[in-house]
Amino acid sequence: YRWEELSEEQLLAVMQINVKQQRPWVVGFPRWLGNIYGNCPEVEIRRMLLEDMDDEDFKDKLFGDGHVWLQRRLALALGLSEADLDEGPFVPEVMAVYHSMDNISRTRPWLEAIACVMGTETLTIGRIPKLYPDMEEYDSQKGGVTGPALKIFKKLGLKTEDLAFFWAHDLTR
């Protein structure tokens, strides 16, 4: 978290690595939701999954493109290539999560699968809202582009439209 000590070139390289390593998750997420959808007998839950898959793959209500394409836009703005995003290489830890979520979403009962996939998504955003009266909210800087991330992206000269992927996940907007 001492990013201010990095040169702009070093900071750009760190952010490129970060965004590139998100790619398998971003591309896989709507597919995992689709796997769960196929195993879910609950109509209301299936509707929620379809709405989320629509945001992910087709069109976010606020930002136009789906999250998969918004993340690609961010990566390209950071100077990554299409090949970087499609071919990797991706670190083993990223691929382990990717393959685990794919397997869990296809083979586990729908409720276990959705708890796993959505729980992990919630933690990567950094917030678990207070859903029940006896529950405490978990909030690590409200997710999205709050905290140091916005300052880093500004220092790198990214435009608002380049950051739409993060704004789409920012729970403070």
Checklist line | Passing candidate, side chain to side chain contact (heavy atoms under 4.5 Å, CB included) with Val19, options Val26, Leu74, Leu76 | finding: Leu74

Determine the minimum heavy-atom distance between [X] and [Y], stating which atoms define it.
| X | Y | result |
| --- | --- | --- |
| Ile36 | Leu49 | CG2-CD1, 3.9 Å |
| Pro24 | Tyr98 | O-CD1, 3.3 Å |
| Val117 | Phe29 | CG1-CE1, 3.5 Å |
| Asn39 | Ser105 | ND2-O, 3.7 Å |
| Trp3 | Ile152 | CD2-CG1, 3.4 Å |
| Asp84 | Lys20 | O-CE, 3.4 Å |

Verify, without hydrogens or angle tests, whether [X] (side chain) and [Y] (backbone) share a donor-acceptor contact under 3.5 angstrom.
| X | Y | answer |
| --- | --- | --- |
| Asp55 | Asp52 | no |
| Gln16 | Leu78 | yes |
| Gln21 | Pro89 | yes |
| Arg23 | Asp86 | no |
| Arg31 | Asp102 | no |
| Gln10 | Ser7 | yes |

Value rounded to 0.5 Å, distance of [atom1] in [X] from [atom2] in [Y]:
| X | Y | atom1 | atom2 | result |
| --- | --- | --- | --- | --- |
| Ile114 | Leu33 | CD1 | CG | 7.0 Å |
| Arg47 | Cys40 | CZ | SG | 12.0 Å |
| Lys155 | Leu6 | NZ | CG | 7.5 Å |

Margin query: Walk me through whether Met95 and His99 qualify under side-chain contact (heavy atoms from CB on, under 4.5 Å).
Written below: CA-CA 6 Å; Met95 295 314 296; His99 290 298; 3.7 Å; yes

Checklist line | Neighbour count above 12 (heavy atom, 6.0 Å) for Trp69 CH2 | finding: no

Check: Cluster question for you: counting only ILVMFWY and a side-chain heavy-atom cut-off of under 4.5 Å, with indirect links fine, are Leu12 and Val14 together?
Finding: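 Leu12 and Val14: one cluster.
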
Check: Quick one: do Trp32 and Leu50 end up in the same hydrophobic cluster if we chain Ile, Leu, Val, Met, Phe, Trp and Tyr together by side-chain heavy atoms under 4.5 Å apart?
Finding: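 Yes; Leu50 is reachable from Trp32 via cluster members.
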
Side-chain contact test, heavy atoms from C-beta onward, threshold under 4.5 Å: evaluate it for [X] versus [Y] and give yes or no.
| X | Y | value |
| --- | --- | --- |
| Ile45 | Tyr37 | no |
| Phe58 | Met53 | no |
| Val68 | Pro30 | yes |
| Trp25 | Phe90 | no |
| His67 | Leu70 | yes |

Item checked: Lys/Arg N to Asp/Glu carboxylate O, Asp65 vs Arg73, below 4.0 Å ->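 Yes, Asp65 and Arg73 are salt-bridged.
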
Next item on the list: Under the side-chain contact (heavy atoms from CB on, under 4.5 Å) rule, what do Arg108 and Cys116 come out as? Steps first, then yes or no, please.
Entry: CA-CA 10 Å; Arg108 303 302 302 166; Cys116 185; over 6 Å; no

